[in-house]
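Following: one structure in structure tokens, then a few remarks.
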2 protein chains.
Amino acid sequence: MSLTREKILELGEELILKRGYNAFSYQDISSELGIKNAAVHYYFPAKENLGTSIIKNNILRFEEMLDNMNTREFDEWGQLEAFFKFYLKSNREDKICILGSLGSEFQSLSESTKRELQKMTGMIIEWLSSILDKGRNKGLFKYIGDAKSRALLILSCLVAGLQLARLMDKSDFKAIHLQLLDDLKP
Amino acid sequence: MSLTREKILELGEELILKRGYNAFSYQDISSELGIKNAAVHYYFPAKENLGTSIIKNNILRFEEMLDNMNTREFDEWGQLEAFFKFYLKSNREDKICILGSLGSEFQSLSESTKRELQKMTGMIIEWLSSILDKGRNKGLFKYIGDAKSRALLILSCLVAGLQLARLMDKSDFKAIHLQLLDDLKP
DNA sequence: TTGCTTACTTACTTACAAGTAAGTATCTTT
DNA sequence: AAAGATACTTACTTGTAAGTAAGTAAGCAA
């Protein structure tokens with residue numbers, strides 16, 4: 001794997017999370033990395049290829065996180081906290097979540113980028129639903145309604161929590177985070 | 001007040017809510033309205049003026065909604081439902097909320113647009129906190145924690161609920177909406 | 001009736017974003 | 001040693017976004 005390619009992916013992701021997909025250009029990437037515009041096109045012929053690859057990368061990292069939690073035998077609280085930790089880090093770094101960033105510009109994305117984003121969102125919701133379901137069955141969590149609705153609600157809180165906290169006050173995310181935890185406690 | 005100016009504001013808002021601030025141009029507006037590019041610049045010299053004016057307009061409409069609810073003496077449930085109704089309508093129209101749309105591209109906005117967005121968000125959170133507080137004191141609502149944290153959590157659910165529902169399935173927003181209501185019932 | 005304001009249009013500039021075609025240096029394989 | 005393949009650069013094209021300067025037609029006001 002090429003180091004330059006990885007740097008482009010990393011910086012592209014950072015730009016999406018900080019400024020938004022339509023607010024950055026290949027020039028932003030090439031000048032920051034000290035390469036030429038065409039070098040970015042060499043790895044990602046069109047911007048939609050870069051966008052789609054960044055999501056695929058996120059899917060891979062999500063799957064790695066799940067594998068890691070499985071091998072280390074995290075219980076449902078542990079898994080939820082690991083997931084939350086990811087958002088707490090984003091909050092510290094003034095980044096939002098990729099679902100919220102690309103979701104807000106959804107209609108302006110290419111079909112392949114849209115599909116990849118839907119795939120990733122679907123995976124997260126499914127995983128979150130399953131651990132909420134298992135955790136409640138074990139008596140670890142308490143909540144009203146079905147697991148999928150609760151997963152949608154919690155994920156929404158995290159996604160827009162980052163957006164609102166970046167806009168208003170970083171500490172607002174901590175408040176949301178604590179409320180989410182308290183609400184789930186039996 | 002000019003009709004053209006109002007049409008530009010309306011269409012500009014729709015474009016922000018459907019595609020995103022950085023994904024539309026003055027050309028999109030002028031061609032749709034059958035006017036020239038420069039006519040849009042006549043009312044809004046720079047794009048940031050348009051962005052800021054759209055938010056100011058939203059603040060006005062929010063204040064009108066509050067006035068209306070006050071004169072009609074809505075109780076706290078009624079006020080909350082009126083607010084939710086706004087989001088349900090956006091969901092039907094495949095629009096997201098202006099807070100989430102501009103919030104996701106926050107770092108790319110001009111200082112005046114940022115300030116206006118912060119003002120609007122602050123007003124909404126303050127209002128939501130106050131009715132959650134009053135409603136709980138009257139025994140209408142039940143929730144854990146302080147009113148402001150609860151307001152942040154509920155607003156986050158609405159904001160990202162629209163984003164996720166547009167991305168995945170429109171009916172997902174209904175699920176989130178019902179959960180929010182159930183969670184507040186005493 | 002002259003002049004001022006409003007609401008635009010015409011015609012342009014500047015800049016930048018996206019993308020491409022062709023060339024080149026280096027390493028790698030046959 | 002010749003022929004790819006890899007990883008770029010040089011130099012360009014095309015399109016579009018943002019913005020502006022100057023002009024104009026219509027209405028209204030003194």
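Basis for what follows: all heavy atoms, side chains included, without hydrogens, waters or symmetry-related copies. Numbers restart at 1 for each chain; the letters A, B, ... are given by sequence-line order, proteins then strands.
In this structure, OH of B/Tyr42 is placed 17 Å from P of D/dA25, rounded to the nearest angstrom. Taking atom CZ on B/Phe24 and atom P on D/dT16, their separation rounds to 17 Å, with Å as the unit. Taking atom OH of A/Tyr21 as the reference point, atom C1' of C/dA18 lies 11 Å away to the nearest angstrom.
Side-chain contact of B/Asn22 with A/Glu105: a donor-acceptor pair under 3.5 Å is absent, judged by distance alone. A donor-acceptor pair shorter than 3.5 Å cannot be found between the side chains of B/Tyr43 and B/Thr4.
Contact check, A/Lys47 against C/dA18: a side-chain N or O comes under 4.0 Å of OP1 or OP2. For A/Thr4, a side-chain nitrogen or oxygen approaches OP1 or OP2 of D/dC8 to under 4.0 Å. Close to D/dT16, at under 4.0 Å from its OP1 or OP2, lies no side-chain N or O of B/Gln27.
Of the candidate nucleotides C/dG19, D/dT9, C/dT9, C/dT9 has the atom nearest to the side chain of B/Lys36. Of the candidate nucleotides D/dA21, D/dG19, C/dA21, D/dG19 has the atom nearest to the side chain of B/Asn37.
B/Phe84 has its side chain within reach of B/Ile154: a pair of non-hydrogen atoms, C-beta onward, lies under 4.5 Å apart.
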Verify side chain to side chain contact (heavy atoms under 4.5 Å, CB included) between A/Glu116 and A/Lys119, making sure each step is shown before the conclusion. CA-CA 5 Å; A/Glu116 209 60 32; A/Lys119 185 185 165 192; 3.9 Å; yes
